[in-house]
Amino acid sequence: MNNIHWILNGSTILGCKDTNKNIITKIKQLREQGMKNIDHSFSKETAPYAKALIFGDSSSFNDEIYSLYQRLGIVHLLAISGLHVSIITAAIFYLLIRIGFSREFASYALLALLPIYTLLTGANPPVVRAASMSMLVIISMQKKSPFSSLDALSISFILFLVKDPFILFNIGFQLSFTVCFSIILASKSILPMYKHYLTKSMMVSFVSQVAAIPILAVHFFEFSIISVISNVMYVPFYTFIVLPLLIITYISAFIYFPIFTIFEKVSGWMIFLSEKIGQLIDVKGSVLIIGKPGIIVLLLLIVTSQWMFFMLEKGYSVVKSLAPLVFVIALIKTCQIYSPIGEVTFIDVGQGDSILIRLPFHRGTYLIDTGGQMDFQQDEWKNRTKKFEIGNDIIIPLLKSKGITTIDKMVLTHSDADHIGAAKKIIENLSVKQIFLSPNSWEKPLMNNTLDAAKKHNIPIKAVKAGAKWSNASGVFQFVSPFDDSYEGNNDSLVLYAQVGGKRWLFTGDLEEQGEMELLNNYKFEIDVLKVGHHGSISSTSEAFINVLKPKFAIISAGKNNRYGHPREEVLALLANHHIQIFRTDQQGAIQYKFYQNKGTFHTVLP
């Protein structure tokens with residue numbers, strides 16, 4: 001997909017020498033230096049916007065702001081897009097003409113400058129697409145055989161694929177060409193029907209959004225409902241105010257610093273205004289989580305979105321034209337909510353635990369732990385610019401891919417980072433109705449910080465011990481540990497016993513041998529599926545525990561090649577000696593049990 005076929009692990013570095021001094025490398029070095037200049041001179045509030053809109057690098061935005069623009073459906077404005085290239089091209093052409101150069105000279109100057117600008121802005125697919133189309137149109141005009149916009153788009157598409165066929169899987173490539181293609185066709189048939197600037201702008205935004213829905217559903221599992229309105233507001237604002245202002249501000253830093261200071265402050269005010277307006281219109285429900293479509297659903301989305309364009313061309317109203325697409329989306333959501341299929345999924349979160357239980361007919365969605373990464377000290381050069389996060393990069397996308405917007409019960413077994421480290425992100429991004437936790441586990445800072453986030457969202461928090469339970473038509477759930485109010489770590493993990501999907505389950509958190517013995521002293525039951533305690537550590541899963549429980553399946557959640565050596569060979573041997581089938585997330589990826597009524601099957605889902 002990313003044209004990566006092998007991974008080479010080097011053991012030593014004998015030397016590092018820059019021998020490539022071609023023009024492309026020099027332009028890339030100039031881009032890197034430009035972004036360093038921005039970091040040095042701009043404020044921390046405006047620097048991310050300047051780097052994004054001048055050099056096409058949006059990696060400096062914090063998650064909160066970037067997510068806001070995603071929900072508004074205007075995140076494309078935080079990257080160099082075809083619109084930006086068109087504005088820059090038109091501005092340079094106009095400036096050269098006004099200075100006194102001929103149109104022919106201005107055209108040749110653009111042919112020389114556009115490749116340089118493309119490299120300076122990161123050469124992302126939307127930029128390359130827009131620049132190549134502009135160059136093709138300029139060349140055709142010089143040769144007196146003008147290409148249409150559609151011709152230029154088609155030639156650009158072919159050149160892309162000739163150079164790198166794998167670019168077809170790039171999200172930016174898919175969105176850029178699909179949206180551009182739709183707007184070009186609409187400009188010939190649909191857009192001329194609308195004379196007023198505002199209505200025409202809304203229709204351009206509307207056409208772009210509908211064309212992008214199938215792609216957004218496949219990759220992001222959601223799309224913004226208010227994007228039509230937000231684009232009408234933000235596109236002119238960013239195109240004619242923010243972008244020129246940031247370019248002028250950047251240039252002024254090299255001319256006269258006091259002038260730069262003034263422009264930088266004005267830029268900061270505009271950006272502050274942009275964020276505040278975004279927060280005001282970012283109402284609950286502005287994003288529709290549609291889930292990851294299967295092939296049939298995807299085809300339905302494509303057909304109904306194209307049918308909408310066909311109906312608009314025939315002169316039908318927007319409401320009538322949009323009706324089939326709305327019906328399909330409503331049908332998708334209804335099938336997700338009232339599906340008769342349930343699941344228990346042991347999510348592959350590396351060295352940690354996270355278990356999703358989703359009951360049939362919308363009877364309950366429960367999340368036991370959230371995973372989370374342990375931070376270890378390492379050399380500065382190993383630290384990533386954008387830190388990988390279990391919550392943002394695994395749990396939330398997985399839940400959205402299943403169309404899940406609400407967690408009915410979140411069980412935080414204990415306060416270790418590898419079990420609850422991502423809880424705060426999930427609380428901030430999804431609706432959580434209730435949180436269960438072990439008594440006094442909030443004495444630990446991480447759990448305390450997590451609960452502070454929950455309180456801000458008015459989420460009920462309940463400390464529970466052995467004996468607390470709930471049930472519905474799809475299952476019975478009961479906590480069987482801990483037994484007192486003191487919190488001493490792993491042995492005070494919340495342990496949940498469940499009867500669901502025709503099997504008996506025991507979710508043990510990081511329960512160790514001492515806690516296992518205390519559980520056996522108070523309860524005697526057999527189970528079908530054991531979530532092995534503490535990732536297969538030697539300190540858990542005693543033989544006495546196995547002898548009483550008699551599980552048929554054992555699930556071990558551990559990270560591949562983790563530093564702790566989990567799961568331990570002794571534990572694996574014990575489970576094998578008792579003829580227990582073992583599933584491991586470090587070897588098989590996510591472990592999923594899908595069931596209908598009281599019958600189900602285990603599946604493994606490699607990443």
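Any value given below was found using the heavy atoms of this structure, including those in side chains, with hydrogens, waters and symmetry copies removed.
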Item to check | Between His535 and Asp418: side-chain donor-acceptor atoms closer than 3.5 Å | outcome: yes
Checklist entry - With distance as the sole criterion, is a donor-acceptor pair present between the side chains of Ser537 and Ser540 under 3.5 Å? => result no
Item to check | Non-neighbouring partners of Glu64 that pass side chain to side chain donor-acceptor pair (under 3.5 Å), sequence neighbours left out | outcome: none
Checklist entry - Taking all atoms of both residues into account, what is the closest heavy-atom pair of Gly489 and His414, and its distance? => result O-CB, 4.5 Å
Next on the checklist: Can a donor-acceptor pair be found, under 3.5 Å and without considering hydrogens, that links the side chain of Glu516 to the backbone of Thr541?
Outcome noted: yes
Next on the checklist: If I take atom CD1 from residue Ile368 and atom OG from residue Ser354, how far apart are they, to the nearest 0.5 angstrom?
Outcome noted: 9.0 Å
Item to check | Residue pair Ser542 / Glu513, side-chain donor-acceptor N/O under 3.5 Å | outcome: no
Checklist entry - So, Asp586 versus Asn562: side-chain donor-acceptor pair below 3.5 Å or not? => result no
Which atom pairs, one a donor and one an acceptor, fall under 3.5 Å between side chains of residues 433-443 and the rest of the protein, sequence neighbours left out?
{"from": "Gln434", "atom 1": "OE1", "to": "Lys409", "atom 2": "NZ", "distance (Å)": "3.0"}
{"from": "Ser438", "atom 1": "OG", "to": "Asp492", "atom 2": "O", "distance (Å)": "2.7"}
{"from": "Asn440", "atom 1": "ND2", "to": "Asp485", "atom 2": "O", "distance (Å)": "2.4"}
{"from": "Ser441", "atom 1": "OG", "to": "Ser438", "atom 2": "O", "distance (Å)": "2.8"}

Next on the checklist: Pairing donors with acceptors under 3.5 angstrom, does anything connect the side chains of Ser286 and Asp282?
Outcome noted: yes
Checklist entry - Any chance the side chains of Ser493 and Asp510 put a donor and an acceptor closer than 3.5 Å? => result no
Next on the checklist: Regarding Asn37 and Gln33, do their side chains bring together a donor and an acceptor under 3.5 Å, going by distance alone?
Outcome noted: yes
Next on the checklist: Would the distance check show the side chain of Thr365 and the main-chain N or O of Asp408 forming a donor-acceptor pair, the cut-off being under 3.5 Å?
Outcome noted: no
Checklist outcome for this item: Between Pro126 and Ser176, the two heavy atoms sitting closest are CA-OG, 3.5 Å
Checklist entry - Are any side-chain N or O atoms of Asp369 and backbone N or O atoms of Thr413, one a donor and one an acceptor, separated by less than 3.5 Å? => result yes
